[in-house]
Amino acid sequence: MNRFIRSVTFLILAFLMFSVQATYASTDSITSQSTPDLLIRKIMGLAYESQQSISSGPFSVGDSLKKVEKTWGEPEDLSTVAANYWSRNVRFLYDGSTGRKTITAIDDFDPQLQTIHLSMLKELIGEPVSEVEQEGNYYVTYTDYANYKVVFVFESAWIDPNPRLNMYTVEFALD
């Protein structure tokens, strides 16, 4: 069963990857003409290809926070585990114990993500590997178990059975 899920997920992602290449022009910002379908395809394609989010380009999970700071400047808000670039709608979570401050995950919270509803996500890429209602949010996770894991954070499903997307996180897949 687990192999079947992995195989189906891989096939869907391969399809999405090729679809994204045709529409992927820039990761710097989401255009005003982006549709929810296109946004979902971009999210999954970038996660699969390079462990990036739409707003994090050209930086990926595994890169150094120092590399980001060199290109984008100091973060607008910095803690011991996260560097926030609020004006770019992105947060880099990093491992401060490494000298290079390795990026371990990327949160993307571009306002246009709110055009995506839970039903659209499931209709386009299928059933997730997990769904959890916790702390007023609804977490939906997709992974290929090899390259990436994407956790979509929706409004509470208790409030609305078809909630809107607030943000998502890209990280390396863990077996």
Side-chain angles (χ1 to χ4, degrees), residues 13 16 20 24 26-31 34 36 39-118 121 125 128-160 163-175:
L13 292 173
L16 290 174
V20 168
Y24 171 55
S26 171
T27 60
D28 292 341
S29 66
I30 301 172
T31 66
S34 291
L39 293 175
I40 294 167
R41 291 175 198 277
K42 284 182 180 180
I43 290 166
M44 298 307 289
L46 287 169
Y48 179 79
E49 290 176 5
S50 57
Q51 295 80 41
Q52 289 180 349
S53 79
I54 291 173
S55 299
S56 73
F59 308 109
S60 304
V61 174
D63 283 346
S64 166
L65 181 61
K66 290 181 177 188
K67 179 179 172 183
V68 177
E69 291 173 338
K70 184 177 179 182
T71 305
W72 284 0
E74 293 293 317
E76 295 159 43
D77 186 22
L78 182 68
S79 73
T80 56
V81 296
N84 296 298
Y85 288 87
W86 301 114
S87 62
R88 295 179 180 267
N89 301 307
V90 69
R91 172 185 306 118
F92 296 100
L93 303 168
Y94 66 92
D95 182 354
S97 69
T98 63
R100 62 190 295 265
K101 297 181 178 178
T102 305
I103 296 170
T104 58
I106 301 170
D107 292 342
D108 193 309
F109 40 86
D110 191 289
Q112 289 195 43
L113 296 173
Q114 293 187 12
T115 62
I116 298 171
H117 288 267
L118 179 59
L121 183 72
I125 57 178
V129 295
S130 74
E131 297 178 74
V132 177
E133 177 86 31
Q134 185 178 359
E135 300 174 1
N137 290 313
Y138 193 68
Y139 299 88
V140 178
T141 303
Y142 290 89
T143 183
D144 72 348
Y145 298 100
N147 299 307
Y148 74 91
K149 178 169 102 175
V150 179
V151 180
F152 294 93
V153 182
F154 288 88
E155 301 166 332
S156 174
W158 288 102
I159 297 169
D160 179 358
R164 289 184 301 170
L165 181 63
N166 286 329
M167 63 170 279
Y168 70 97
T169 302
V170 177
E171 30 185 300
F172 279 131
L174 301 176
D175 289 332

- Using modelled atom types only, decide if a donor and an acceptor are shared between the side chain of Gln134 and the backbone of Tyr139 within a distance under 3.5 Å. no
- Examine distances only and state if a side-chain atom of Ser64 and a backbone atom of Arg100 form a donor-acceptor pair shorter than 3.5 Å. yes
- Query: If every non-hydrogen atom of Glu133 is compared with every non-hydrogen atom of Tyr138, which pair is closest and at what distance?
  - Reply: OE1-CD1, 3.2 Å
- Going through the distances and angles, do Tyr148 and Glu49 end up as a side chain to side chain contact (heavy atoms under 4.5 Å, CB included)? CA-CA 9 Å; Tyr148 74 91; Glu49 290 176 5; over 6 Å; no
- Query: So, does Ser60 use its side chain to make a donor-acceptor pair with the main chain of Ser50 at under 3.5 Å?
  - Reply: yes
- Item | Atom pair CD/CG of Gln51 and Leu46 - distance to nearest 0.5 Å | 10.0 Å
- Does a side-chain heavy-atom distance below 4.5 Å link Tyr168 with Ile40? no
- Query: How far does CG of Asp107 sit from CZ of Phe92, to the nearest 0.5 angstrom?
  - Reply: 10.0 Å
- Are any of the side-chain heavy atoms of Tyr85 and Phe59 separated by less than 4.5 Å? no
- Item | For the student: nearest non-hydrogen atoms of Thr98 and Asp95, plus distance | OG1-O, 3.0 Å
- Message: Between His117 and Pro36, is there a side-chain heavy-atom distance shorter than 4.5 Å?
- Response: no
- Query: Are Ser56 and Asp108 close enough that some pair of their side-chain heavy atoms sits under 4.5 Å apart?
  - Reply: no
- Task: Taking the side chain as every heavy atom from C-beta outward, state whether Gln52 and Val170 have any atom pair closer than 4.5 Å.
- Result: no
- Are any non-hydrogen side-chain atoms of Asp63 and Val68 less than 4.5 angstrom apart? no
- Message: By the definition side-chain contact (heavy atoms from CB on, under 4.5 Å), identify the one residue from Val90, Val150, Leu113 that meets it with Ser53.
- Response: Val90
- Task: Heavy atoms only: give me the nearest Val61-Glu171 pair and the separation to one decimal.
- Result: CG2-CA, 4.1 Å
- Item | Residue pair Leu165 / Leu121, side-chain heavy-atom distance below 4.5 Å | no
- Does Trp86 have any ring pair (Phe, Tyr, Trp, His ring centres under 6.0 Å) partners at least two apart in sequence or in another chain, and if so, which? Phe109
- Item | Atom pair CG/CD of Asp160 and Glu155 - distance to nearest 0.5 Å | 6.5 Å
- State, yes or no, whether a side-chain contact exists between Ile116 and Ile43 at a heavy-atom distance under 4.5 Å. yes
- Please walk me through it: do Met167 and Val153 pass side chain to side chain contact (heavy atoms under 4.5 Å, CB included)? CA-CA 5 Å; Met167 63 170 279; Val153 182; 3.8 Å; yes
- Query: What pair of heavy atoms forms the shortest contact from Ala173 to Ala146, and how long is it?
  - Reply: CB-N, 3.6 Å
- Item | Residues in side chain to side chain contact (heavy atoms under 4.5 Å, CB included) contact with Lys101, at least two apart in sequence or another chain | Leu65, Tyr94
- Message: Please give me the minimum heavy-atom distance between Gln114 and Arg164, naming the atom from each residue.
- Response: O-CD, 3.3 Å
- Note on the structure: Separation between CG (Asn84) and OG (Ser79), nearest 0.5 Å, reads 7.0 Å
- Query: Got a second to check how far Ile103's CD1 is from Phe172's CZ, nearest 0.5 Å?
  - Reply: 10.0 Å
- Calculate, to the nearest 0.5 Å, the distance between atoms NZ and OG1 belonging to Lys66 and Thr71 respectively. 14.0 Å
- Item | Side-chain donor or acceptor of Thr104 paired with backbone N/O of Leu93 under 3.5 Å | yes
